[in-house]
Student: 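Here you go, one structure.
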Amino acid sequence: MQRIGVFVCWCGSNIAATVDVEKVAQVLAKEPGVVFSTDYQYMCSEAGQNLIIDAIKEHGLTGVVICSCSPRMHEATFRKTVQKAGLNPYMLEIANIREQCSWIHKDKEQATEKAVILGRAAIAKVHLNAPLTAGQSPVTKRALVIGGGIAGIQTALDIADAGFAVDIVEKKPTIGGKMTQIDKTFPTLDCAACILTPKMVDAAQNENIDIFAYAEVEKVQGFVGNFTVTIRKKARYVNPDLCTGCGLCTEKCPQKKAPNEFNLGLDNRRAIYIPFAQAVPKIATIDADYCTMLKTGKCGVCSKVCTAGAIDYKQQDELVTREYGAIVVATGFEPINVEPYGEFAYKQSPDVVTSLEFERLMNAAGPTGGTLLRPSDKTHPHTLVFVQCVGSRCDGDTRGKSYCSKICCMYTAKHAMLCREKYPDTEVYVFYIDVRTPGKNFDEFYRRAVEEYGVHYIKGMVGKVVPENGKLKVQASDLLENRQLHIDADMVVLAAAIEPDKSARPLATMLTASMDTNDFFTEAHPKLRPVESPTAGIFLSGACQGPKDIPETVAQASAAAAKVIGLLAKDHMTCNPCVARPDELMCNGCSACEKVCPYGAIHYEDKEFRGPNRTMLLRRVAQVNPAVCQGCGACTVACPSGAMDLLGFSNQQIMAEVDAICK
């Protein structure tokens, strides 16, 4: 029989305001095996932990139940506490009477009754607990950063500066991400390229960083400290070791009709191209969809003019496999497709553009050389209308997103100010639901647009945009003046919502990482572990976790790097002892557990067993690698014969909890 101690936490008023903690302690004291039961205001405090340690020693406790907050918060803390007292840390159970009880009940009597039931279930489980010993596994001293935008670059630089090797995998031909397409940054209006380009160069020149541009992650196996990743290096049809980035091939290529992705299709590029002048790595790439040589076997101009002999039309995709101790996700964002919003005439008129397209039109390296021209007739626009929240905050509208995209208010204010500064003859109107400027100096920036630059901010929504006689007829409402407006605009700019990159969902599946309903990666804890995924060894950087501006992205990137450095600094990782264990006598070798295991921890072996008449039979049975198993429990659910069990969460223990709840 176990000697169990029960400790009920008040958590200030978080629990005590709704649960009669003294009564809970008194009732649980009468449970079989409980030799000590008490309550205390803050069990996680130093005094509370000392109370637990003293009780273990004084009463010879062999098991501990703590009725407090979620084990996600303080299970590690309390395990260390009982270990200090000489007790195996896995002889501890936590009954969550805060999140699962006090926070969701208003009636004190009902909440107290439920707290007793939860405590009783934890006691029943402790009776069946057995001491477990955590093993160790080595840590590979290399990190993988998936995504080469400003988030990925900053994370990689910080990790590399700490002396660890880093690989950046970027699906585009160059690193830099969305920031390379931006002209100025808010709230300082400094040049985006002037900030980003030195960091791109630093990443390329850092001896601890390898850049896999024009590549994608193909497969991920393993666990924290020991990931094995297969990377597909897509064929550029250009030898990166020979290409000097001179650009002669991009000038001579006769195929000029490929849409320029970097300029969002606002102009065309050639079939062989370098995305922009400061590209890193500065290596040409051939677009197989437009290259005449690759499609018909006729042309070869780029090969003829390349003095370095870098063109290789027979180049194939290459698979590279490397091992990593940690993985950082920095897949970034994309603006949503605004075509479903037919009321804004985006498909009907080239003069209706998204904010990112407008950014390219204002950029000196853009399709118009930095001169703002209407895409339809290349004339200078005099009246511009900016529409806020296109696809953001769309509750009930299936075309858009329910969340605020966070950056739109500020970049619209930036665009409006740049327009008025560069072209004082323009009239600029901004239609908004409300203006959100929570960052440092953000509100002052917005007020400058109104007070100093004379931008017309109108609280209201644009109902319809109609192209007519070379103008855009904008119908809108002014809610403050309670009137309808009709504006003849030359251009309409849509502040499109942002969403996660399309690669995020399949990547999350490979990483067994959690995502929310909007396909943003979910953090392990929104307050205490904001840059960690619930999957150990996977970290989050930048807009893959939610909408962010550049300063916030860089801050999170460095935070993720700090977590990775802390992991890679260890020579060994302590393994989770709560791993799957098969009963070989019950296993029928069906492979159901092997198929559902996301970590590849299960394999099968042929073993001899004594059969009838003392004959030896050869049977196929499951085997679990405890160093790889992460204790997710998927195999225990899938096993049709009940042969697979989970240490620390066995079927017997779970059923004991159920029986305790139901009695």
Side-chain angles (χ1 to χ4, degrees), residues 144-150 152-153 156-157 160 166-181 193 196-218 231-256 258-263 267-295 299-320 322 330 332 365 503:
L144 171 65
V145 177
I146 305 174
I150 182 60
I153 292 170
L157 285 171
V166 192
D167 291 347
I168 300 175
V169 173
E170 168 56 48
K171 66 179 181 179
K172 300 287 179 63
T174 172
I175 61 173
K178 287 289 181 297
M179 196 171 169
T180 61
Q181 297 171 294
L196 179 63
T197 303
K199 285 191 174 291
M200 294 167 62
V201 174
D202 287 348
Q205 295 179 349
N206 194 304
E207 60 182 11
N208 287 330
I209 297 178
D210 285 345
I211 297 175
F212 292 91
Y214 207 49
E216 294 182 1
V217 172
E218 182 96 347
I231 301 166
R232 178 177 293 274
K233 296 171 66 177
K234 294 181 285 187
R236 290 177 181 262
Y237 305 104
V238 175
N239 188 329
D241 297 325
L242 298 178
C243 180
T244 62
C246 66
L248 185 60
C249 56
T250 66
E251 297 173 5
K252 300 298 183 181
C253 176
Q255 175 54 270
K256 306 177 183 179
N260 189 344
E261 302 90 344
F262 185 69
N263 285 331
D267 64 352
N268 292 330
R269 57 163 172 77
R270 300 178 190 253
I272 185 167
Y273 66 101
I274 295 174
F276 55 95
Q278 304 98 327
V280 174
K282 195 171 184 182
I283 300 170
T285 303
I286 294 179
D287 188 336
D289 293 332
Y290 290 90
C291 177
T292 306
M293 185 66 182
L294 291 174
K295 291 170 70 176
C299 185
V301 170
C302 54
S303 178
K304 294 172 185 175
V305 301
C306 180
T307 57
I311 308 299
D312 181 3
Y313 297 119
K314 295 182 180 180
Q315 192 179 71
Q316 300 291 320
D317 289 2
E318 180 185 352
L319 295 179
V320 177
R322 286 196 174 184
S503 64

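Just so it is clear, the values below take in all heavy atoms, side chains as well, and ignore hydrogens, waters and symmetry mates.
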Student: I need the Gln255 CD to Asp289 CG distance, nearest 0.5 Å.
Tutor: 11.0 Å
Student: Closest heavy-atom contact between Val280 and Ala204?
Tutor: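 Minimum heavy-atom contact is CG1-CB, 3.5 Å.
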Student: Please tell me if the side chains of Met200 and Thr174 come closer than 4.5 Å, counting only heavy atoms from C-beta onward.
Tutor: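 Sidechains of Thr174 and Met200: in contact.
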Student: Hey, is the main chain of Gly247 close enough, under 3.5 Å, to the side chain of Thr250 for a donor-acceptor pair?
Tutor: yes
Student: Measure the SG-CD1 distance between Cys243 and Ile274 for me, rounded to the nearest 0.5 Å.
Tutor: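 Here the interatomic distance stands at 6.0 Å.
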Student: Any side-chain heavy atom of Pro259 within less than 4.5 Å of one from Tyr290?
Tutor: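 Pro259 reaches Tyr290 side chain to side chain.
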Student: Between the side chain of Lys172 and the main-chain N/O of Ala215, is any donor-acceptor distance below 3.5 Å?
Tutor: no
Student: Applying side chain to side chain contact (heavy atoms under 4.5 Å, CB included), run through Tyr313 and Cys302 and close with a yes or a no.
Tutor: CA-CA 10 Å; Tyr313 297 119; Cys302 54; 2.9 Å; yes
Student: Can you check side chain to side chain contact (heavy atoms under 4.5 Å, CB included) on Val320 and Lys233, steps first, answer last?
Tutor: CA-CA 7 Å; Val320 177; Lys233 296 171 66 177; 3.6 Å; yes
Student: Test your reading of the model: is there a side-chain donor-acceptor pair from Glu170 to the backbone of Phe212, 3.5 Å cut-off?
Tutor: no
Student: For Lys178, is the NZ atom crowded, meaning more than 12 foreign heavy atoms sit under 6.0 Å from it?
Tutor: yes
Student: Indicate the atoms forming the closest heavy-atom contact of Pro281 with Ile211, along with that distance.
Tutor: CD-CG2, 4.3 Å
Student: Determine, for Asp210 against Arg322, whether the closest basic-nitrogen to carboxylate-oxygen distance falls under 4.0 angstrom.
Tutor: yes
Student: Kindly determine whether Lys171 and Tyr214 satisfy side chain to side chain contact (heavy atoms under 4.5 Å, CB included), including the steps that lead there.
Tutor: CA-CA 5 Å; Lys171 66 179 181 179; Tyr214 207 49; over 6 Å; no
Student: What residues form a side chain to side chain donor-acceptor pair (under 3.5 Å) with Glu261, not counting sequence neighbours?
Tutor: Arg269
Student: Please name the residue in the list Ile153, Leu157, Asp167 that meets the side-chain contact (heavy atoms from CB on, under 4.5 Å) test with Ile209.
Tutor: Leu157
Student: Working to the nearest 0.5 Å, report the span between CD1 of Ile231 and CD of Glu216.
Tutor: 11.5 Å
Student: Less than 4.5 Å apart, side chain to side chain, heavy atoms only: is that true for Ile272 and Ile311?
Tutor: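 In short, these two side chains touch, coming nearer than 4.5 Å.
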Student: Minimum heavy-atom separation for Cys299 to Thr292, with atom names?
Tutor: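 So the two residues come closest at CB-CB, 4.1 Å.
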Student: Quick one: list whatever passes side chain to side chain donor-acceptor pair (under 3.5 Å) with Asp317, sequence neighbours left out.
Tutor: Arg232
Student: Closest heavy-atom contact between Ile175 and Thr180?
Tutor: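 Heavy atoms only, the tightest pair is O-CG2, 4.2 Å.
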Student: A side-chain contact here means heavy atoms from C-beta on lying under 4.5 Å apart; do Asn260 and Asn268 qualify?
Tutor: no
Student: What is the distance from atom CG of Leu294 to atom NZ of Lys314, rounded to the nearest 0.5 Å?
Tutor: 12.0 Å
Student: If I take atom SG from residue Cys306 and atom CG from residue Asp312, how far apart are they, to the nearest 0.5 angstrom?
Tutor: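 Here the interatomic distance stands at 11.0 Å.
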Student: Passes side chain to side chain contact (heavy atoms under 4.5 Å, CB included), Val166 versus Val145? Steps please.
Tutor: CA-CA 7 Å; Val166 192; Val145 177; 3.7 Å; yes
Student: Can you name the closest pair of heavy atoms from Pro198 and Ala193 and give their distance?
Tutor: CD-O, 3.8 Å
Student: Can you list every side-chain hydrogen bond (donor to acceptor under 3.5 Å, both in side chains) pair that touches residues 235-247, not counting sequence neighbours?
Tutor: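 Sorted pair list: Arg236-Thr285.
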Student: For residues Gly147 and Ile168, report the shortest heavy-atom separation together with the two atoms involved.
Tutor: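 Scanning both residues completely, I find the closest heavy atoms to be O-CG2, 3.9 Å.
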Student: Could you tell me whether the side chain of Arg270 and the main chain of Lys252 form a donor-acceptor pair under 3.5 Å?
Tutor: no
